[in-house]
Amino acid sequence: LLSYKGELFDETITNYGLPRRSRTSFVAFDDYYHTKRIGNALFLQGKLNEKWSVNWTAAYNYFERIKEAKRKDLVTLESSRVLEEEGNDQQDTSTFNLWMSRGSIATTKDSTWFNFEIGYDINLEQADGKRIKGGEQFIGDYAAFITTEVDITDNLLLKPAVRYSYNTEYEAPLTPAINLKYSKKNSTFRFSYAKGFRAPSLKELYFNFDDINHSLFGNSDLKAERSNNYSASVRQKFLVRNILFKAELAAFYNEIYNQISFAQSSLAGGDTLVYFNIGENQTKGVNLSLSTIYENWRINLGSSYTGRYNRLADENPIEEFSYALEFTGNANYEMQKPQITLSVFFKHQGELPGFGYDSNGADRIKQALKDLLATVIEWNI
């Protein structure tokens, strides 16, 4: 099966300036922001024969952002482009090109106890413009992977995998992963481990954005993220008087080194954000979800308790882990005649820690989002 997907986005935002009095007239300086996105993707999926199947994707995405500044005479209504010497970055064009290709072949799942999938993954990114450090930058990531699936018993499934990648800017390690699944009747147990690697994107490394409202600066000294990720879960289904109940309890633990995040900087003042690395960060927590289906009703409830840690706790009077509690829920009722679905959504988010970047160049924890309790209720018909 061969399919194609195309997307086009074209937008112009006009920011009208306040009237000013010149020597001979009244003028205003207006900014125009032209944004264009073009997305193309080609998909190929299907069986080569009775034993082999193929899955292939190729995509190209283009992004262009043009800033245009004009001086408008409010008496004659004539407009003219603002010259570069009249201000910084009055005229600017930034473009991003992204190429992606991923393909794999796999044995078809049948009565055999062993199956595997082998493939490649390529991501290329190119950017140019005055807001890009050096005017133009390129980064490429080339990877190969293999995933195997072993039916140890009728109830026990083992799925090991390994991935090797080459990055043009960063040395990438070998990243293995293993998944274990045990199923029996209405119960399912899962365990997984995966080693992670993520190189910074071009925007995080080289893109600088600065206007009157806010600023965002890339950091060419960023290190690549590395992580170890563990998770385990148990799921149970049971039927009580034609009412289906599902319950799942999951736990996770993540070790993240050189995590890339935002920091608010006091170096430039205002709302200035800088990308930086958190040397060591850990997250751990549990998730509980409950759902039920009865006739036209579908109800889902969820809760999570997540702890976040980083090494700054060793040097600052803060707790080793900062925990956040979250509740979510939704209910749906489907009417047959007329065909209408009524939905209600609920979310409660506890306080979260943030990061700051002080004048001495040291990163520090900042309770920027303290006392933030978000409760959202939406009604959809």
Side-chain angles (χ1 to χ4, degrees), residues 1-5 39-48 52-63 96-109 114-127 132 136-150 157-181 191-207 218-231 252 254-261 275 277-278 281:
L1 176 63
L2 182 65
S3 59
Y4 167 80
K5 178 182 178 181
N40 298 275
L42 196 61
F43 306 93
L44 177 62
Q45 186 176 13
K47 289 186 176 183
L48 296 176
W52 296 93
S53 63
V54 63
N55 194 342
W56 177 80
T57 302
Y60 168 70
N61 292 278
Y62 174 80
F63 173 85
F96 290 85
N97 294 277
L98 176 64
W99 298 267
M100 185 278 287
S101 179
R102 178 185 174 95
S104 66
I105 57 172
T107 56
T108 57
K109 297 181 180 181
F114 178 81
N115 289 280
F116 71 92
E117 180 182 15
I118 185 170
Y120 74 92
D121 193 2
I122 299 176
N123 292 275
L124 308 176
E125 191 175 4
Q126 182 266 339
I132 304 298
E136 183 177 0
Q137 297 290 341
F138 171 84
I139 190 170
D141 190 85
Y142 310 84
F145 62 89
I146 181 171
T147 301
T148 59
E149 195 171 278
V150 184
L157 177 66
L158 179 66
K159 193 173 181 179
V162 66
R163 175 187 175 95
Y164 173 76
S165 62
Y166 168 76
N167 189 278
T168 56
E169 298 292 330
Y170 294 88
E171 183 178 356
L174 198 67
T175 52
I178 186 168
N179 293 272
L180 192 65
K181 176 184 176 183
F191 171 79
S192 67
Y193 164 77
K195 187 178 182 66
F197 171 83
R198 186 179 81 86
S201 66
L202 283 183
K203 289 184 178 180
E204 294 169 334
L205 288 169
Y206 305 115
F207 183 69
N219 183 356
S220 58
D221 295 326
L222 286 176
K223 300 177 182 179
E225 290 183 356
R226 300 170 187 265
S227 64
N228 293 298
N229 309 279
Y230 306 84
S231 66
F252 64 89
N254 303 309
E255 294 178 316
I256 308 173
Y257 301 94
N258 299 318
Q259 182 181 9
I260 300 172
S261 184
Y275 288 105
N277 288 112
I278 304 173
N281 192 29

Legend entry - Rounded distance [0.5 Å steps], CG in N228 versus OG1 in T175: 11.0 Å
Inset, instruction - Measure the OH-OG distance between Y206 and S220 for me, rounded to the nearest 0.5 Å. - result: 6.5 Å
Legend entry - Minimum heavy-atom distance between Y164 and A172, given as atom pair plus value: CE1-O, 4.4 Å
Legend entry - Minimal non-hydrogen separation, L222 against P200, with atom names: CB-CG, 4.0 Å
Inset, instruction - Check whether any side-chain heavy atom of V54 lies under 4.5 Å from a side-chain heavy atom of Q45, and answer yes or no. - result: no
Inset, instruction - Provide the closest heavy-atom pair for N167 versus A199 in the form atom of the first, atom of the second, distance. - result: ND2-CB, 3.5 Å
Inset, instruction - For side-chain contact (heavy atoms from CB on, under 4.5 Å), just list the numbers for I178 and L158, CA-CA rounded to whole Å, side-chain angles, deciding distance to a tenth of an Å, and then say yes or no. - result: CA-CA 8 Å; I178 186 168; L158 179 66; 3.7 Å; yes
Legend entry - Residue pair M100, I122: steps toward the side-chain contact (heavy atoms from CB on, under 4.5 Å) verdict: CA-CA 6 Å; M100 185 278 287; I122 299 176; over 6 Å; no
Inset, instruction - Could you tell me whether the side chains of D141 and N123 share a donor-acceptor contact shorter than 3.5 Å? - result: no
Inset, instruction - Could you tell me whether the side chain of F191 reaches within less than 4.5 Å of the side chain of N179, counting heavy atoms only? - result: no
Legend entry - E149/K181 under salt bridge (charged side-chain N to carboxylate O under 4.0 Å, His left out): CA gap, chis, key distance, verdict: CA-CA 11 Å; E149 195 171 278; K181 176 184 176 183; over 6 Å; no
Legend entry - F63 and F96 aromatic ring geometry - parallel, tilted or perpendicular at 30°/60° bounds: tilted
Legend entry - Minimum heavy-atom distance N254-Y230, with the two atoms named: OD1-N, 4.1 Å
Inset, instruction - Could you tell me whether the side chain of Q126 reaches within less than 4.5 Å of the side chain of I139, counting heavy atoms only? - result: no
Inset, instruction - Measure the spacing between CG of L174 and CZ of R163 and express it to the nearest 0.5 Å. - result: 11.0 Å
Legend entry - Test log, rule side-chain contact (heavy atoms from CB on, under 4.5 Å), inputs T57 and L42: CA-CA 6 Å; T57 302; L42 196 61; over 6 Å; no
Legend entry - Heavy-atom side-chain contact between F207 and I132 under 4.5 Å: yes
Legend entry - Atom pair CG (N219) and CG (N277), whose distance is rounded to the nearest 0.5 Å: 7.0 Å
Inset, instruction - Keeping the roles fixed (side chain from T147, backbone from A161), state whether a donor-acceptor pair exists under 3.5 Å. - result: no
Inset, instruction - With side-chain hydrogen bond (donor to acceptor under 3.5 Å, both in side chains) as the test, would you mind laying out the steps for S192 and S231 before giving the verdict? - result: CA-CA 5 Å; S192 67; S231 66; 2.5 Å; yes
Legend entry - Heavy-atom pair of closest approach, residues R226 and F197: CG-CD1, 4.3 Å
Inset, instruction - State, with a plain yes or no, whether a side-chain heavy atom of N115 is found less than 4.5 Å away from one of T148. - result: no
Inset, instruction - May I ask you to decide if the ring planes of Y60 and W99 are parallel, tilted or perpendicular, using 30° and 60° as cut-offs? - result: tilted
Legend entry - N229 vs F252 side-chain heavy atoms within contact, under 4.5 Å: no
Legend entry - Separation of E169 CD from L202 CG (nearest 0.5 Å): 8.5 Å
Legend entry - Geometric cation-pi criterion K223 and Y170, 6.0 Å radius, 45° cone: no
Inset, instruction - Kindly compute the distance separating CG (L180) from OH (Y193), expressed to the nearest 0.5 Å. - result: 15.5 Å
Inset, instruction - Considering non-hydrogen atoms only, spot the tightest contact between R102 and F145 and give its length. - result: NH2-CZ, 3.6 Å
Inset, instruction - Cation-pi check, K159 to F114: give yes when NZ or CZ is under 6.0 Å from the six-membered ring centre and within 45° of the ring axis, no otherwise. - result: no
Inset, instruction - Decide side-chain hydrogen bond (donor to acceptor under 3.5 Å, both in side chains) for E125 and Q137; before the verdict, give the C-alpha distance in whole Å, the side-chain angles of both, and the deciding distance to 0.1 Å. - result: CA-CA 8 Å; E125 191 175 4; Q137 297 290 341; over 6 Å; no
Inset, instruction - Take I146 and V162 through the side-chain contact (heavy atoms from CB on, under 4.5 Å) test and state the conclusion after the steps. - result: CA-CA 6 Å; I146 181 171; V162 66; 3.4 Å; yes
Inset, instruction - Carefully, step by step, assess N40 and Y4 under the rule side-chain hydrogen bond (donor to acceptor under 3.5 Å, both in side chains). - result: CA-CA 8 Å; N40 298 275; Y4 167 80; 2.5 Å; yes
Legend entry - Distance-only donor-acceptor check, side chains E117 and S104, under 3.5 Å: yes
Legend entry - Flag side-chain contact, heavy atom, 4.5 Å: L2 against F43: no
Legend entry - Side-chain heavy-atom pair V150, L157 within 4.5 angstrom cut-off: no
Legend entry - Salt bridge K195-E255, side-chain N to carboxylate O under 4.0 Å: no
Legend entry - Donor-acceptor under 3.5 Å (Q259 side chain, I256 main chain): no
Inset, instruction - Could you walk me through whether S101 and Y120 pass the side-chain hydrogen bond (donor to acceptor under 3.5 Å, both in side chains) test, one step at a time? - result: CA-CA 8 Å; S101 179; Y120 74 92; 2.8 Å; yes
